[in-house]
Structure formats: structure tokens, C-alpha cells
Colleague: 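Here it is, the structure, as C-alpha cells.
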Amino acid sequence: MSHFFPKVSFWLAVDGNDYPLGFMLIENGHMEALFVDPAHRGSGIGAALVRHGLAMHPQMTTDVNEQNGQAVGFYERMGFVQTGRSAFDGQGKPYPLIHLKHAGGSAN
């Protein structure tokens, strides 16, 4: 991991007691990961992280598992559009991915 983290931007969302609530990883304008503690989903943490990423990378890209309809809807509401599809994930496993790109401009 020490070779991975220096190459990405890591953003951590915390509460008033510095308890981690979510995180985002971006590499070269591509959001590699977005995670929000399930107990805090729907509270705006994920949207805030994505808006922060978009402030730095207005045409940020990401991939989402096609079977995760909730995540696909979230990204579409944030202004991402589908640019393609892969039948396999990054590890070559049969988990179809939808490729997304933000059109630039403001995020919801």
C-alpha cells in the first residue's frame, strides 16, 4: 500500500470528534473509491466528498458496478453521465462496470 497511497489524493470526512465517516480516493482525475459509513449514508457526506473532488477535477471520471443501482443513481444525480461499459471489473472478474464522467460545471 505504501506505493499506492502516494500516487492518489485521499480525502477523509470526519465528525466533530474526528471519527471517520467516509473517504474518497482520486488518481489523475479518476475517483478510484468513495465510501460512506452505512450508518451515515443519505446525510450528504458522499455528495460533499464528490463536490470537493469535482472542484479539483471538473470532468472527474469513475466506474461503478452495474449491479449497484443505488450508486448509479447517486452519480447520475451528481451530474455524471455514462460513457461506456465493461463486462469485467479491474481484476478481470465478471462484475460489469459502468464508466462515468462528470460533464463539468456545477454538481448538485
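Heavy-atom basis, side chains included; hydrogens, waters and symmetry copies ignored.
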Colleague: Say you draw a straight line from CD of Glu32 to CD of Glu27; how long is it, rounded to the nearest 0.5 Å?
Modeller: 5.5 Å
Colleague: Are the side chain of His102 and the backbone of His57 linked by a donor-acceptor contact shorter than 3.5 Å?
Modeller: no
Colleague: Quick check: do Val72 and Gln82 have side-chain heavy atoms less than 4.5 Å from each other?
Modeller: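 Counting from C-beta outward, Val72 and Gln82 do come under 4.5 Å.
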Colleague: Hey, what do you get for CD1 (Ile98) to OH (Tyr75), rounding to the nearest 0.5 Å?
Modeller: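 If we round to the nearest 0.5 Å, Ile98:CD1 and Tyr75:OH are 12.0 Å apart.
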Colleague: Count the heavy atoms belonging to other residues, nucleotides or ligands that lie under 6.0 Å from CZ of Phe35, then report whether that count exceeds 12.
Modeller: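 Enclosed.
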Colleague: Is the side chain of Thr83 donor-acceptor paired with the backbone N or O of His99 at a distance under 3.5 Å, no angle test?
Modeller: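 Present.
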Colleague: In Å and rounded to the nearest 0.5 Å, what is the CG to CG distance from Asp63 to Leu100?
Modeller: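 With rounding to 0.5 Å, CG (Asp63) is 7.5 Å from CG (Leu100).
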Colleague: Locate the shortest heavy-atom distance separating His30 from Thr62; write the atom from each residue and the value.
Modeller: CE1-CA, 3.3 Å
Colleague: Does Asn68 reach the side chain of Tyr95, with side-chain heavy atoms less than 4.5 Å apart?
Modeller: no
Colleague: Do Val50 and Leu34 have side-chain heavy atoms sitting under 4.5 Å apart?
Modeller: yes
Colleague: Do Phe74 and Val64 come within less than 4.5 Å of each other through their side chains, counting heavy atoms only?
Modeller: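 In short, these two side chains do not touch, never coming nearer than 4.5 Å.
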Colleague: Could you check whether any side-chain N or O of Asn65 sits under 3.5 Å from a backbone N or O of Gln67, counting only pairs where one atom can act as donor and the other as acceptor?
Modeller: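 Such a contact is found between Asn65 side chain and Gln67 backbone.
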Colleague: Between Met78 and Val81, is there a shared hydrophobic cluster once you connect ILVMFWY residues whose side-chain heavy atoms come closer than 4.5 Å?
Modeller: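 Not linked; separate clusters.
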Colleague: Write down the atom of Pro20, the atom of Leu12, and the distance for their closest heavy-atom approach.
Modeller: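 Distance-wise, the nearest heavy atoms are CB-CD1, 3.8 Å.
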Colleague: Nearest 0.5 angstrom please: His40 NE2 to Tyr19 OH, how far?
Modeller: 6.5 Å
Colleague: Find the distance between CG (Leu21) and CD1 (Ile45) and round it off to the nearest 0.5 Å.
Modeller: 4.5 Å
Colleague: Identify whether Phe80 and Leu97 are in the same connected component of the hydrophobic contact network (ILVMFWY, side-chain heavy atoms under 4.5 Å).
Modeller: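 Cluster IDs for Phe80 and Leu97 differ.
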Colleague: Shortest non-hydrogen contact from Phe88 to Gly92?
Modeller: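 For Phe88 and Gly92, the tightest heavy-atom pair comes out as CD2-O, 3.5 Å.
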